[in-house]
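So the structure is just underneath, and the comments pick up after that.
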Amino acid sequence: MSTYRVGIGHNIALGSLAIINPQPTSRGVQVARRTYGLDATVVEEGRYIELVFGVLEQPSDYLALLAQFGLSASVAKSNVTVYAPNAVWGFARYNGVAIRPEVGAGVTWENYFLRNVVILVRDLTPIT
Amino acid sequence: MTPRLYIHKPKMIFEARVDLTSPEYPLTLLPYKDVTLAPSDMSDIRPGLTVMLGDPPGLHGRQRIRDFSALNTLRVGRSSRGTFDGELWAIDNTYVRVYEDMRVWTKPPVFVGTGSSPTQFKDAVIGIGNYWQNQPPVANAGPGTMGTIDPSTSRFTVAFDGAGSFAVADGATITGYGWTIGDGTLVSGTLSTPQMSASFPAGFRYVSLSVTDSNGLSHITYVPVLAIDPANDPTFSEFEAVQRLTVAGQEVEFSIYSDVPASEYPDGTLVMFASGEPASASDRSHMQFIGWHQSDPTQIRAGRVATLADTTLRCVDVAGRMKDLRAYSVVIENEAFRDTDIDSVVTWDYMQTPNIDKFLHFLLHWHSNVLDVADWQPSGTWSNFPFRVMAAEGANLYDQVNGVAQRMTPDHLLTCNRRGQLFTKPDLMLQAPHLRVYSGVDLHANDMADIRWTARAAPTTYELLTTGVLVTTADEVDPVGSIAPGHAPGAGVGRVEVNEKIAQTQELLNAVEGRRYARLNAPTSHFEIELAGGDDQGIEPADVEEVSIELPASVAAQRGLTLGNELGMVHEMTIRHRARREAYVRDVSFAWERPVNAADAETFVPPQPDNDE
């Protein structure tokens with residue numbers, strides 16, 4: 001299995017993408033909406049991926065993680081290039097927009113650690 | 001493609017105090033004093049700009065600048081005393097401010113004098129002069145646009161095309177074009193050619209086109225142009241919208257998640273909505289709406305964790321604004337038959353060789369400033385629909401103009417597309433099939449996510465009776481009529497009468513009314529269709545063009561019908577723009593009228609009153 005990578009900005013070459021540290025888990029690239037034509041034609045809109053980080057020990061770890069995506073306390077969204085699993089679980093590069101997690105929904109402090117940190121990267125378009 | 005919403009913050013170009021201790025209403029002149037802001041050239045306070053009285057601006061009314069200012073006096077649209085749009089409450093020493101802002105206004109006619117024949121003036125002061133012979137031309141400059149500046153030049157380049165302008169008077173032609181581009185720089189063409197392109201720095205301005213015809217008459221129209229600097233972007237992207245597009249124009253409701261204070265974004269201001277960027281300097285397909293803020297449905301919700309107030313702006317296009325303008329009753333007669341014993345001089349009630357297109361122009365030009373802020377194309381029938389005498393009324397200006405257009409055979413409709421351009425187009429389903437225009441849109445099972453309709457076996461209308469006249473340039477008019485389904489009524493429960501039609505031949509009237517009758521008794525309702533994937537397929541109801549739908553047997557309902565590429569008419573479309581957490585998505589649905597086969601109506605001779613003279 002390949003590693004998740006990220007770079008700040010769009011259309012960054014694979015060799016210039018940094019390995020995300022720590023590595024997340026995810027359900028892969030999903031779609032915001034899937035509709036069907038009358039003949040069962042599949043129409044998918046709004047590709048996104050949720051990168052899930054189980055536990056971060058300290059707020060400084062959280063800030064360092066956000067910084068890998070160009071996010072911070074004052075920056076809530078950032079253009080990124082991500083290397084993530086595609087619809088058939090092969091890894092591919094995508095341009096997207098990383099969104100800072102919502103406190104309480106995308107990141108919580110429980111039992112001394114930051115848990116269940118979810119960085120959403122949306123508006124994914126494959127880089128050919 | 002990222003949607004963007006621009007709400008115009010009009011720039012104040014003039015500020016002074018009202019100098020009027022005893023105003024007499026209606027008001028057409030507004031003297032001022034104590035000027036604190038004025039343009040270096042007072043002719044920059046040009047006709048069409050918005051004047052607001054009071055503080056905050058507009059507290060004591062809003063009106064349009066009617067003409068260039070005189071010494072220490074603004075010439076304003078005729079205003080009664082009040083505080084709404086089109087009204088002014090001129091209190092001495094209150095603020096009077098003029099803004100770089102163009103809106104849609106009525107132009108009330110004025111009657112001066114007593115007796116049975118008072119003298120009429122259009123827009124408060126304009127006498128008939130030669131206008132009964134020579135009508136002003138129409139300047140059409142194309143729709144407004146918005147886009148991002150080129151990072152290498154810091155400019156936004158726009159191509160303009162005024163070739164859609166036209167002369168109205170008999171035999172007249174357009175002889176001159178004059179563009180004004182404000183802070184723009186010419187890129188190609190000249191300021192006196194029909195087409196030109198210009199580049200603009202970041203910011204908003206109106207570009208204007210003045211056309212002159214061979215009679216020396218002119219008309220000027222204004223086009224909004226917004227150049228966006230991403231580093232200082234004046235547009236909103238955090239909003240949701242519901243667009244309701246019909247043949248008769250568009251209404252949009254914007255729910256905005258940022259502050260939109262009234263002090264910066266005044267009531268009634270210009271609104272533009274675009275999806276992405278133009279594909280080229282001449283492209284306007286990205287523009288989704290150009291219109292004006294109309295009302296604010298407001299809700300303040302007290303919740304457990306916060307009290308949230310929504311900012312919702314309901315906006316309409318130029319056709320929607322016309323529905324708020326009064327329709328002034330008008331009768332137009334062919335001047336060739338003026339009885340000089342009764343009317344010794346020509347008045348506004350007369351026109352040389354009147355026809356429907358000229359009458360539509362008359363209503364739009366003399367009773368509103370609609371043509372100053374939007375393109376309009378007439379039906380193009382001109383001398384094919386002359387009349388001897390015609391009256392026009394309506395609940396509002398849109399209904400009045402649309403009502404006159406519908407008198408043609410086949411009916412014509414005043415349409416407004418999503419770029420705010422007005423057209424006069426034949427009602428698709430009343431046209432002969434071989435004359436209908438095909439949009440090029442083919443919808444198949446893979447394009448549609450949901451389709452609903454109701455089939456019915458019983459007809460609704462048992463008789464359609466139509467009366468009117470044949471077109472003529474003579475003094476005598478020939479009444480005509482048609483009756484469908486013939487002199488043996490059908491099996492429906494209702495009866496419909498259509499009056500005041502004007503037709504070129506009896507045969508044509510019979511054919512059109514036969515189609516109208518078949519339409520009234522259509523065996524299916526309109527089809528409500530939801531498109532898959534939020535793609536509107538380029539459908540524009542205001543184009544009044546055929547859209548093809550195929551519903552094969554493989555997806556037809558058990559008792560359902562199949563459609564084999566049938567060419568029908570789109571009546572209305574709803575597009576919902578939703579900002580979900582994971583993506584921006586659109587829901588697109590529309591109503592489609594299926595074509596029906598029709599037999600011609602039969603000739604009906606309307607009974608005539610005895611005429612001893």
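Sequence lines set the chain letters: A, B, ... in the order given, protein chains first and strands last, and positions in each chain run from 1.
Checking side-chain atoms of A:Arg33 against main-chain N and O of B:Val585 turns up no donor-acceptor pair under 3.5 Å. Side chain of A:Thr35 to backbone of B:Ala532: no donor-acceptor contact under 3.5 angstrom is found.
Per-residue counts of heavy-atom pairs under 4.5 Å with chain B were compared for A:Asp39, A:Val43, A:Thr41; the largest is that of A:Asp39. With chain B as the partner, the residue from A:Glu44, A:Glu45, A:Arg34, A:Gln30 showing the most heavy-atom pairs under 4.5 Å is A:Glu45.
Taking a 6.0 Å sphere around CD of A:Glu57, one finds it holds 12 or fewer heavy atoms contributed by other residues, nucleotides or ligands. A 6.0 Å sphere centred on CZ of B:Arg576 holds no more than 12 heavy atoms belonging to other residues, nucleotides or ligands. More than 12 heavy atoms of other residues, nucleotides or ligands sit less than 6.0 Å from atom CZ of A:Arg115. Within a 6.0 Å sphere centred on CZ of A:Arg93, heavy atoms belonging to other residues, nucleotides or ligands number more than 12.
For B:Arg586, the part lying near chain A is the backbone, with the side chain staying farther off; criterion is any non-hydrogen pair under 4.5 Å. Proximity to chain B (any heavy atom under 4.5 Å) is restricted, for A:Glu50, to the side chain, taken from C-beta onward. If you measure heavy-atom distances from B:Leu551 to chain A, the contacts under 4.5 Å come from the side chain alone.
Side-chain contact between A:Glu102 and B:Arg581 is absent, with no heavy-atom pair separated by less than 4.5 Å.
Across every non-hydrogen atom of B:Glu582 and A:Arg122, the tightest pair is O-CB, 3.3 Å.
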